[in-house]
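Chain A is the first sequence line, chain B the second, and so forth, proteins listed ahead of strands; every chain is numbered from 1. Hydrogens, waters and symmetry mates play no part in the numbers below; they use all other heavy atoms, side chains included.
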There are 2 protein chains.
Amino acid sequence: MARAGLSARRLIRAGAELADEVGFDQVTVSALARRFDVKVASLYSHLKNSHDLKTGIALLALEELAERAADALAGRAGKDALAAFANAYRDYAREHPGRYAATRFPLDPRTAAASAGRRHAQMTRAILRGYDLPEPDQTHAVRLLGSVFHGFVSLEASGGFSHSAPDAPETWTWVVDHLDALLRSLRPPGP
Amino acid sequence: MARAGLSARRLIRAGAELADEVGFDQVTVSALARRFDVKVASLYSHLKNSHDLKTGIALLALEELAERAADALAGRAGKDALAAFANAYRDYAREHPGRYAATRFPLDPRTAAASAGRRHAQMTRAILRGYDLPEPDQTHAVRLLGSVFHGFVSLEASGGFSHSAPDAPETWTWVVDHLDALLRSLRPPGP
DNA sequence: GTAAATTGCCTAAAAGGCTTAGGCAATTCC
DNA sequence: GGAATTGCCTAAGCCTTTTAGGCAATTTAC
């Protein structure tokens, strides 16, 4: 009998695609087996269990998102960097809703520490360097940006903005503009 | 055989408690039946299905949250109202994480329209009246506040802020302060 | 107060998901 | 080519959801 050529890597990638198609919480070992036209039990040679699969998808998504954000940031600073970062975030969530949802999958602390999650925080701090904020403002600002980006993207994904004018992209621009203004207002008076 | 005294209302309330204890997506018809020491099939006299149960919990949570927010808002205006509203939101999410998660359960449009969801938006607009914003700024601001509150609360719930100083409440105060400043900066110059 | 109608919880059963155990065939290694 | 390993399989157990049909407890109506 011909082999299907499964591997943890392929399964996780396929799981990510499946997530984008049907939603992250509809990702199931069974559905994945169907997609490879293979019996469910076969997947267990490559995955510990269902939780393991979801963790893998989460790590993949965090990785991809970090890469996009890093690309967006390259060669930019100040408001330019802020806007590029914000857009990278939102665009990823819109193009890959299932993967984006996966980035919210709760990771155990060891896994989280080894994930691309840290890079996200570091990139946010890199953006804020352009605004020259003293501590603890900088940390507060990291959290504010994280909250706004995640909050906006997740409300938009659940359709929260879709039935009223103005449209979501307009608000997004407005939000980024005013976050920039807010951050600039925090910069201590120069020497 | 003695009856257990089930009803849709009781089941939904118990489901909400269960959600707070074990997480909203661990809420299951089976678990609920166990809690009432009743056979699973018995619940189907009171609930259409599992989705129905979750919808019920979501509606209950939206209702409770709206009531708290309304209480918080009573007799306040301006920054005072903003802070009280923000705290009502965050406190509810911290005290009732499962119910809070339920407020994010996707409702079909008809159900959503009849839910307390609208009241939330109206209360946000009520707060913003104190800042006297022209359209479309007001709508953008409604969305900004929604994004920040939801984003912050959900990142805090997933432990995003727990392993670094300063602590989350400090950031929360900072965020509310600076949102207030941002909103004030938008007020058009008076006559 | 009792008979009839309704309601509430039950058993049974089907269908689908997760997971483990153990087996045989395909591949890889020497 | 033979031995060792790997990859997918069958089988089986357990859990959750949902429907169907039944009997007993309660409520309603006389």
Side-chain angles (χ1 to χ4, degrees), chain A residues 1-60 98-99 101-102 104-108 111, chain B residues 1-60 98-99 101-102 104-108 111:
Chain A
M1 201 171 285
R3 296 192 175 183
L6 306 181
S7 71
R9 197 185 164 72
R10 281 192 71 195
L11 288 172
I12 286 167
R13 297 208 74 84
E17 282 165 29
L18 186 59
D20 286 335
E21 290 164 23
V22 303
F24 182 62
D25 23 58
Q26 309 302 316
V27 171
T28 170
V29 183
S30 295
L32 204 50
R34 274 193 293 276
R35 173 160 296 220
F36 281 94
D37 203 17
V38 137
K39 298 295 170 184
V40 185
S42 305
L43 303 199
Y44 283 81
S45 309
H46 306 280
L47 305 169
K48 274 219 314 288
N49 51 38
S50 174
H51 186 271
D52 194 47
L53 168 63
K54 291 189 173 165
T55 299
I57 298 173
L59 293 175
L60 171 65
R99 284 155 149 104
R104 298 290 132 199
F105 187 69
L107 302 173
D108 68 90
T111 312
Chain B
M1 203 172 280
R3 295 192 178 183
L6 306 182
S7 72
R9 199 187 163 72
R10 280 192 71 195
L11 288 173
I12 287 167
R13 297 208 75 85
E17 283 164 29
L18 186 59
D20 286 335
E21 289 165 23
V22 304
F24 182 62
D25 22 59
Q26 308 303 315
V27 171
T28 172
V29 184
S30 295
L32 204 50
R34 276 192 292 277
R35 173 161 296 219
F36 281 94
D37 203 17
V38 137
K39 297 297 170 183
V40 186
S42 306
L43 302 200
Y44 283 81
S45 308
H46 306 278
L47 304 169
K48 272 219 316 284
N49 52 37
S50 173
H51 185 272
D52 194 47
L53 168 63
K54 291 189 175 166
T55 299
I57 298 173
L59 293 175
L60 172 65
R99 284 158 149 99
R104 298 291 132 200
F105 186 69
L107 301 174
D108 68 272
T111 313

Completion exercise
Per atom distances to the B/Tyr44 side chain, the nearest of D/dT18, C/dT19, D/dC8 is D/dT18
Practice task
Give the rounded distance in Å between these two atoms: CZ of B/Arg10 and P of C/dG8.
Solution key: 13 Å
Exercise for the section: Using a cut-off of 6.0 Å, state whether more than 12 heavy atoms not belonging to A/Arg35 lie near its atom CZ. Expected result: yes
Completion exercise
Closest to the side chain of B/Val29, out of D/dC9, D/dT17, C/dC18, is D/dT17
Completion exercise
Residues at least two apart in sequence or cross-chain that pass salt bridge (Lys or Arg N to Asp or Glu O under 4.0 Å) with B/Arg10, listed by chain then number, are none
Practice task
Give a yes or no on this: more than 12 heavy atoms of other residues, nucleotides or ligands lie within 6.0 Å of atom CG of A/Asp37.
Solution key: no
Exercise for the section: Using atom CG of A/Leu18 as one end and atom P of C/dG17 as the other, report the distance to the nearest whole Å. Expected result: 12 Å
Problem - Residue A/Ser42, side-chain atoms from C-beta onward, closest of D/dC9, D/dT17, D/dG7 - result: D/dC9
Practice task
For B/Ala41, report the nucleic acid contact type (base, sugar-phosphate, nothing); a contact means any heavy atom under 4.0 Å.
Solution key: base
Exercise for the section: May I ask you to verify if any side-chain N or O of B/Ser45 is less than 4.0 angstrom from the OP1 or OP2 atom of C/dG8? Expected result: no
Handout entry: Atom-pair distance (CG on A/Leu47; C1' on D/dG7), nearest Å
Key = 13 Å
Problem - Atom pair distance, as rounded to whole Å: NZ in B/Lys39 and C1' in D/dC23 - result: 16 Å
Problem - Student check: side-chain heavy atoms of B/Phe105 and B/Ile57 closer than 4.5 Å - result: no
Handout entry: Proximal nucleotide (of C/dC18, D/dT16, D/dT18) relative to the B/Arg34 side chain
Key = D/dT16
Problem - Closest nucleotide among D/dG7, C/dG17, D/dT16 to the B/Thr28 side chain - result: D/dT16
Handout entry: N/O (side chain, B/Ser50) to phosphate O (OP1/OP2, D/dT16) under 4.0 Å
Key = no
Problem - Spacing of A/Leu32 atom CG relative to C/dT19 atom P, expressed in whole Å - result: 13 Å
Exercise for the section: Using the side-chain contact (heavy atoms from CB on, under 4.5 Å) rule, pick out the option among B/Leu47, B/Val38, B/Leu32 that qualifies with B/Leu6. Expected result: B/Val38
Completion exercise
Checking D/dT17, D/dG7, C/dG17 against the side chain of A/His46 (C-beta onward), the nearest is D/dG7
Fill in the blank from the handout: Separation of C/dT7 atom C1' from B/Leu43 atom CG, nearest Å, is 15 Å
Problem - Distance in angstrom units between B/Leu11 CG and D/dT17 P, rounded - result: 13 Å
Fill in the blank from the handout: Whole-Å distance, A/Leu6 CG to D/dT6 P, equals 15 Å
